[in-house]
2 protein chains.
Amino acid sequence: MNVSPLEEYGLRCAVQLAALPRGESLSAPEIAEREGLSVEYVSKFMLLLRRGGLVRTIRGIKGGFLLAKAPSEIALKEVFDALKQPKKAPRGFCDSFSGKSETCVRSKGCSIRPFWETLSRHVEEFTTRITLQDLLQGEEVTRGKTRAIALEGASRLKEEISV
Amino acid sequence: MNVSPLEEYGLRCAVQLAALPRGESLSAPEIAEREGLSVEYVSKFMLLLRRGGLVRTIRGIKGGFLLAKAPSEIALKEVFDALKQPKKAPRGFCDSFSGKSETCVRSKGCSIRPFWETLSRHVEEFTTRITLQDLLQGEEVTRGKTRAIALEGASRLKEEISV
DNA sequence: TCAAAACAATACTTTTTTGTCCGGTTTAAA
DNA sequence: TTTAAACCGGACAAAAAAGTATTGTTTTGA
């Protein structure tokens, strides 16, 4: 239950692009310089982000990267999804079954799944609602928005319960 | 942002112990059998859980493992903490600074930290409040409790805001 | 007392992930 | 048309994590 380097650095690079004036681009060496990473490594993230449709590239000398959409249109979840390991499906509880068995031993009556599902849902809610724009606007806005999400989610729960 | 095998399997093994009648123990081969894991692997988890103070062991033939506390006294967070890699501090955003710099490049004005902190706090809230006992009691109870936690957290937020 | 079964702990192997390297293509400008 | 700077993308190396093996210690009971 932790953040992979790919996720952190990739998000940081995306934020760098989000901070640019609309229409401007940034080259890999420039991003690498700003984030203190190697150019090669940054290139790797950017390729993933491009394949995920979040970033457009300009080739040739004077080339670089820019966001494919406005920062306010890009949810953090999109960034994380783009950065996921290409082959590997993401691990949740119960996805994995252990070596000896053909399928999850507890396909039925799993004691862990309900907890895991609820938690995942909350995380997903956050990451789909917070955008690059929100991060740009800094601490105040991010905290404010997360509060709003929590409150709203809670009212929805209340309704579900009272029905 | 995913669950490590250690965390999942370790928690499962803990749940196996929680399901036992009070005072009874379970041997590594028995746990391994029930979870479809190798005995050696299970032993590894159990060692971590013991070092974390969550599990007591009985040595010798007829030996085994049992919880050191009542299932209702063991929060999931304790289990996860015990299973963390011994040396490695957990990765959060901003913990890591990249190769070239001595400290995090964005020690000040980090655009990612407030988001990350808020999310972590929520996750922590869940894992400290849900216990092994809750998992045992099944889907209904777990879902109900997670709802309650969400609602309560939201009211607290409301107070903070209105002050 | 001895053997069998179980925990203890560390070393080892395999797999996955992280991060780098390098030969290729594209494009702007001299 | 040549050159330099940048992206492309797969191969490769290094580090971390997952999972196994092994050797040793403890205890029960024949």
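All chains are named by letter (A, B, ...) in the order of the sequence lines, taking the proteins before the strands, and each is independently numbered beginning at 1. FYI, side chains are in, hydrogens and waters are out, and symmetry mates aren't considered; it's all heavy atoms of this structure.
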Would you give me the side-chain donor-acceptor pairs under 3.5 Å for residues 62-78 of chain A, sequence neighbours excluded?
{"residue": "A:Lys69", "atom": "NZ", "partner": "A:Glu78", "partner atom": "OE1", "Å": "2.8"}
{"residue": "A:Lys77", "atom": "NZ", "partner": "A:Asp81", "partner atom": "OD2", "Å": "2.9"}
{"residue": "A:Glu78", "atom": "OE2", "partner": "A:Ala75", "partner atom": "N", "Å": "2.9"}

Just compare C:dT18, C:dC7, D:dA6 and give me whichever is closest to any side-chain atom of A:Pro5. C:dT18
Once you measure the plane-to-plane angle for B:Tyr41 and B:Tyr9, does it fall in the parallel (<30°), tilted (30-60°) or perpendicular (>60°) bin? perpendicular
Listed pairs, N/O of protein and of nucleotides 9-11 of chain C, under 3.5 Å:
{"residue": "C:dA9", "atom": "OP2", "partner": "B:Arg50", "partner atom": "NH2", "Å": "2.4"}

Rounded interatomic separation in angstrom, taking [atom1] from [X] and [atom2] from [N]:
X       : N      : atom1 : atom2 : result
B:Ile58 : C:dA5  : CD1   : P     : 18 Å
A:Leu48 : D:dG9  : CG    : C1'   : 11 Å
B:Phe45 : C:dC7  : CZ    : C1'   : 16 Å
A:Arg56 : D:dC8  : CZ    : C1'   : 18 Å
B:Leu26 : C:dA6  : CG    : P     : 11 Å
A:Leu6  : D:dA15 : CG    : C1'   : 15 Å
A:Leu49 : D:dC7  : CG    : P     : 13 Å
A:Leu83 : C:dT17 : CG    : P     : 14 Å

To the nearest 0.5 Å, what is the distance between CD on A:Glu125 and CG on B:Leu119? 11.5 Å
Spell out, as yes or no, whether a donor-acceptor pair under 3.5 Å connects the side chain of B:Glu7 to the backbone of B:Ser4. yes
Taking only side-chain nitrogens and oxygens of B:Thr57, does any of them come within less than 4.0 Å of OP1 or OP2 of C:dC7? no
Could you pull out all residues at least two apart from [X] that satisfy side chain to side chain contact (heavy atoms under 4.5 Å, CB included)?
X        : answer
A:Arg59  : A:Thr57
B:Leu47  : B:Arg50, B:Arg51
B:Ser120 : B:Trp116

Which atom pairs, one a donor and one an acceptor, fall under 3.5 Å between side chains of residues 15-28 of chain B and the rest of the protein, sequence neighbours left out?
{"residue": "B:Gln16", "atom": "NE2", "partner": "B:Glu35", "partner atom": "OE2", "Å": "2.8"}
{"residue": "B:Ser27", "atom": "OG", "partner": "B:Glu30", "partner atom": "N", "Å": "3.3"}
{"residue": "B:Ser27", "atom": "OG", "partner": "B:Glu30", "partner atom": "OE1", "Å": "3.1"}

Check ion pair A:Arg12-A:Glu8 (N to O, under 4.0 angstrom): yes
Do nucleotides 21-30 of chain C as a string where each nucleotide becomes B, S or -: B if the base has a protein heavy atom under 4.0 Å, S if just the sugar-phosphate does, - if no protein is that close. B--BBBBB--
